[in-house]
Amino acid sequence: MTSPLFQFLQAEWPTVFEAAVKAESLVTSDARTSCFYARRSLELAVDWLYKHDPSLRLPYQDQLSALLHEPSFRRVVGDAVFTKTKFIKDSGNRAVHSHQAITPLDALHTTRELFHVCYWLARTYGRKERPAPNLAFSAERLPRLSAVPAQSLAQLQKLEAQLHERDEKLSALLSDKAALDEELQRLREEVAAVKKANAAQPDTHDYSEAETREAFIDLLLKEAGWLLDKPQDTEFEVTGMPNAEGKGYVDYVLWGDDGKPLAVVEAKRTRKDATVGQQQAKLYADCLEQMYGQRPVIFYSNGYDHWLWDDASYPPRAVQGFLKKPELELLIQRRATRKQLRDAVINSDIAGRYYQTRAVRRIGETFEVDNQRKALVVMATGAGKTRTVIALADLLMRCNWVKRVLFLADRVALVNQAVNAFKKHLPDSSPVNLVTEKDTEGRVFVSTYPTMMGLIDDASDGQRRFGVGHFDLIVIDEAHRSVYQKYRAIFEYFDCLLVGLTATPKDEIDRNTYGLFDLETGVPTDAYGLDEAVADKHLVPPKAVSVPLKFQREGIKYDDLSEEEKEQWDALEWSEDGTTPDAVEAAALNKWLFNTDTVDKVLAHLMTQGQKVAGGDRLGKTIIFAKNNEHADFIADRFNANYPHYKGEFARVVTYKTTYAQSLIDAFSHKDKPPHIAISVDMLDTGIDVPEVVNLVFFKVVRSKTKFWQMLGRGTRLCPDLFAPDEDKQFFYLFDYCQNLEFFSQNPATVDGSASEPLSTRLFKARVEMLAELDKQLATEPRIADAGEPYKPDAAQLRTEVADFLHRQVAAMNLDNFIVRPQRKSVEKYAKQEAWQSLGSDDFSELSQKLAGLPSELVDDDEQAKRFDLLVLRTQLAILQARPDYASLRDQVRAIAGAWRSRKAFRPSRRRWC
């Protein structure tokens with residue numbers, strides 16, 4: 001047996017070499033397994049590149065498809081090698097996931113492309129032995145026989161799973177580049193130096209681009225279901241060409257079931273721009289239209305770049321592959337059946353507000369009048385972005401512009417929310433949650449970005465389930481450049497209309513995002529900002545609370561960063577498990593965030609100055625945005641230490657690590673149920689709609705502008721009757737302890753926080769005032785009741801009851817509580833029974849000024865009952881001070897009790913007053 005073609009790999013890439021040799025040895029005897037090992041060899045080579053080349057950025061996940069489509073990978077390998085890697089990946093996927101026959105020719109093409117990729121790898125990074133410049137692929141050197149029996153499809157799938165289980169996990173290895181071990185760091189530096197030296201010498205290797213073009217175009221056509229097994233499919237002769245013979249030969253013709261041409265494909269050499277074939281392809285389309293009475297769609301390609309030109313509707317556009325037969329048939333059929341959008345009625349039951357219908361109309365004009373295929377809508381969080389795009393989808397479906405829609409979001413919670421919205425407002429669209437229903441069919445598909453990236457490669461019998469023309473419209477929830485950078489393969493792969501949604505104000509959106517949608521900077525397709533929504537009374541504004549805590553950091557602002565630095569900030573996204581990047585934080589921040597005194601002060605400030613409900617006694621629904629899971633747990637622990645009487649229910653951690661997190665979110669969404677404070681790590685930053693939220697606490701550094709505005713939107717929703725009947729939510733408080741407002745140059749109205757006195761504080765003061773009045777009257781008249789009256793309040797007895805109640809309330813105050821702690825001396829004094837035996841004016845002043853309002857475990861949670869008690873106390877106090885007869889006191893209090901009975905506030909414990 002001759003030496004293997006891949007011998008040059010053995011010294012430095014032994015695992016890549018081993019897999020490549022297996023691919024080489026099985027080309028003629030087991031083509032399916034050969035393609036499998038070719039892809040396996042590519043996977044190992046790509047993993048090596050990401051591990052050793054510091055110029056490569058690890059994408060959202062370490063699967064092969066994501067690694068290949070990371071922009072830095074394409075820059076490093078170049079277009080030619082990139083196309084070869086895609087061919088090997090797709091050929092290997094077809095071998096492992098398709099029942100279609102894999103021929104020795106398929107394996108030959110795949111092994112040839114693997115040879116060229118490996119040659120590039122060794123030539124670029126080889127330190128010991130580089131391949132000879134004249135080394136070429138030779139099919140004659142391939143082994144003809146193999147003693148190993150052919151593997152079945154099931155055996156290959158099992159082998160694939162076993163190998164991947166053993167593979168090194170790049171995401172774990174490279175998650176923190178600062179922590180790379182010394183040996184790997186040394187290797188990276190060495191590889192960078194070798195790469196630079198090797199690049200100085202010209203690459204004269206013949207990468208067989210013509211063969212690559214033909215094989216890749218054939219593969220893409222087969223993935224779209226075009227078998228090319230009939231004579232008329234290739235090199236089809238047409239008449240009417242403007243040449244001497246009046247004839248031409250079309251590289252590929254894609255035919256409909258009625259015998260009419262659906263598309264022409266013109267293939268040009270890879271060294272030529274694909275657009276060179278545009279005019280020739282148009283002339284072929286003219287000829288076929290004359291011959292068959294139907295104008296075909298035009299494709300032209302050089303193997304690297306592919307273009308689609310439906311010249312009846314749009315100018316040429318780049319695509320990633322070819323449309324399936326039903327998709328081409330629908331494209332041609334729409335030329336005659338598509339209705340005008342401007343004449344169609346928008347369903348006001350779905351989106352009836354003026355700015356929503358305006359946005360739908362403007363998107364329609366973009367598609368219909370301007371012949372543009374992208375639109376960007378700016379709409380404040382809570383203003384109804386989802387309902388707007390549902391109304392848009394409904395309009396486009398009714399007018400035969402769109403058959404299938406893909407809605408993309410970056411969180412599972414947002415996917416669930418969008419699916420529910422489509423089910424409610426457009427049930428006929430049969431919405432599918434691709435996160436949980438990967439094999440279900442429908443007209444609207446909702447997915448996270450990573451899920452869709454994984455599904456793009458899914459194939460059945462050699463055909464991709466989601467071909468490039470599967471969707472007619474993609475909606476991007478919260479469109480921004482970091483999403484595009486990480487998941488651009490999705491938007492480049494699908495050929496469809498594109499609508500981006502964002503809550504980031506139009507003047508805050510970076511120019512790159514506008515560029516993605518082919519728009520002028522600062523001029524979105526439509527915009528409806530927070531200020532407009534507040535003016536229209538559709539949302540409420542934030543009020544920033546002056547905070548007493550700051551930490552030292554560099555005095556930078558987002559606007560001061562360079563474009564490159566802004567791109568880096570924006571790219572720092574949180575992961576699904578709530579992990580936050582540390583790269584942007586000051587060195588002392590961790591110590592500050594995890595400091596007991598810091599957290600206690602933040603919680604004390606929030607609990608005293610935050611917006612209150614339940615008569616001012618209970619903090620309104622609050623979200624604390626924590627740095628990471630450990631920080632969230634630390635905050636919760638400090639809260640429970642200071643408020644043990646809430647028994648761990650008032651403040652709860654809600655992260656992706658929380659078991660049954662959705663049940664906690666459901667409880668938080670209920671007005672009167674605990675938890676009332678949700679300590680969130682990423683999970684409540686977007687997509688969770690709780691109108692009752694009145695306090696947002698930024699206890700983390702936020703450097704993504706998009707995330708900042710998403711988080712801000714958690715508080716903007718209206719909430720009628722939140723505080724009492726006809727007392728609606730008017731604003732929300734924003735506590736920013738990490739100077740995020742300063743960083744993003746935001747200056748909302750600043751206040752000191754809640755100024756209203758809580759109901760329990762007023763009750764405490766009223767009882768102290770009652771005690772003072774009773775002591776004054778007892779000093780002159782020990783008994784102030786008419787012995788003949790049925791109701792005979794004894795002043796001494798009443799004084800004992802009130803003093804005993806206040807004593808028990810003070811004794812139940814937790815001395816370790818950060819709010820109680822500053823008044824520890826007074827609390828300890830009045831926690832003793834004897835302190836209440838004789839009180840002077842200084843005591844009454846100390847009780848009212850220092851102890852009223854301190855949290856106590858002896859607190860009645862019934863707001864209406866407390867209101868009743870306060871009313872009775874004030875009435876009784878007024879009567880005592882006026883010295884009326886006690887029959888009058890009895891009648892007035894009974895009248896009060898009767899009025900409150902209807903509100904279910906009167907309880908047996910209050911009968912003593914009546």
Side-chain angles (χ1 to χ4, degrees), residues 59-61 63-74 77 79 82-94 97 216-217 219-226 263 265 274 297 299-310 314 316-324 326-328 331 373-374 402-410 434 438 445-460 462-477 479 481-500 516-518:
Y60 66 98
Q61 60 185 22
Q63 292 181 357
L64 181 60
S65 182
L67 296 172
L68 297 185
H69 285 98
E70 161 56 36
S72 61
F73 179 83
R74 187 165 187 168
V77 303
D79 286 342
F82 172 71
T83 299
K84 295 174 187 299
T85 62
K86 285 180 60 182
F87 180 87
I88 298 165
K89 171 186 70 72
D90 292 343
S91 180
N93 288 346
R94 185 164 164 255
H97 301 292
F216 196 50
I217 291 174
L219 179 64
L220 291 176
L221 285 167
K222 289 177 181 177
E223 284 184 347
W226 301 102
V265 181
V297 176
F299 290 94
Y300 44 97
S301 170
N302 66 354
Y304 300 154
D305 302 312
H306 320 283
W307 291 80
L308 180 154
W309 188 14
D310 181 15
Y314 291 103
R317 57 184 183 269
V319 291
Q320 290 289 306
F322 301 99
L323 274 59
K324 298 178 181 179
E327 296 160 0
L328 283 172
L331 203 63
R373 296 174 59 81
K374 299 177 182 178
V402 161
K403 180 180 180 181
R404 284 185 289 259
V405 176
L406 175 62
F407 185 102
L408 291 169
D410 62 355
L434 284 174
K438 291 183 171 57
F445 296 77
V446 189
S447 174
T448 61
Y449 297 101
T451 297
M452 194 67 244
M453 284 289 289
L455 290 174
I456 284 177
D457 278 336
D458 273 8
S460 175
Q463 286 192 43
R464 289 182 187 252
R465 179 192 175 192
F466 297 113
V468 296
H470 191 83
F471 297 108
D472 301 299
L473 170 69
I474 289 182
V475 177
I476 310 172
D477 190 29
R481 66 176 165 192
S482 61
V483 164
Y484 183 81
Q485 287 169 340
K486 292 170 75 173
Y487 307 112
R488 64 187 298 170
I490 298 176
F491 315 123
E492 292 177 346
Y493 175 75
F494 288 113
D495 176 56
C496 60
L497 303 172
L498 185 66
V499 173
L516 298 177
F517 291 88
D518 302 326

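Worth saying up front: this structure is predicted, and the values here are computed from it rather than measured.
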Legend entry - Rounded distance [0.5 Å steps], OG in Ser91 versus NZ in Lys222: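 Here the rounded value is 9.5 Å.
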Legend entry - Atom pair CZ (Arg464) and CZ (Arg94), whose distance is rounded to the nearest 0.5 Å: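 It comes to 11.5 Å.
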Measure across [X] and [Y] and return the closest heavy-atom pair with its distance rounded to 0.1 Å.
X      : Y      : answer
Gln320 : Lys86  : OE1-NZ, 3.0 Å
Arg404 : Glu327 : NH2-OE2, 4.3 Å
Gly469 : Leu323 : CA-CG, 4.1 Å
Ser301 : His306 : OG-ND1, 2.7 Å
Asp305 : Asn302 : N-OD1, 2.7 Å
Phe87  : Leu219 : CD1-CD2, 3.5 Å

Side-chain touch [X]/[Y], heavy atoms, less than 4.5 angstrom:
X      : Y      : value
Phe322 : Leu328 : no
Leu221 : Phe299 : no
Phe491 : Lys374 : no
Asp477 : Asp410 : no
Tyr300 : Pro316 : yes
Val77  : Thr85  : no

Legend entry - Identified side-chain contact (heavy atoms from CB on, under 4.5 Å) partner of Ile476 from the options Tyr487, Tyr449, Phe407: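 Of the listed residues Tyr487, Tyr449, Phe407, the side-chain contact (heavy atoms from CB on, under 4.5 Å) partner of Ile476 is Tyr449.
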Donor-acceptor pair, distance only, cut-off 3.5 Å: does the side chain of [X] make one with the backbone of [Y]?
X      : Y      : value
Asp310 : Val297 : no
Gln63  : Ser65  : no
His97  : Asn93  : no
Trp226 : Leu220 : no

Inset, instruction - Test Met452 against Phe445 for side-chain contact (heavy atoms from CB on, under 4.5 Å), laying out the working first. - result: CA-CA 10 Å; Met452 194 67 244; Phe445 296 77; over 6 Å; no
Output all residues satisfying salt bridge (charged side-chain N to carboxylate O under 4.0 Å, His left out) with [X], sequence neighbours left out; order by chain, then residue number.
X      : result
Lys89  : Asp457
Asp495 : Arg317, Arg373
Lys324 : none

Inset, instruction - Please work out whether the ring planes of Phe494 and Phe466 are parallel, tilted or perpendicular, with thresholds of 30° and 60°. - result: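 Phe494 and Phe466: perpendicular rings.
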Inset, instruction - Mind running side-chain contact (heavy atoms from CB on, under 4.5 Å) on Leu497 and Asp472 for me, showing each step along the way? - result: CA-CA 6 Å; Leu497 303 172; Asp472 301 299; 5.9 Å; no
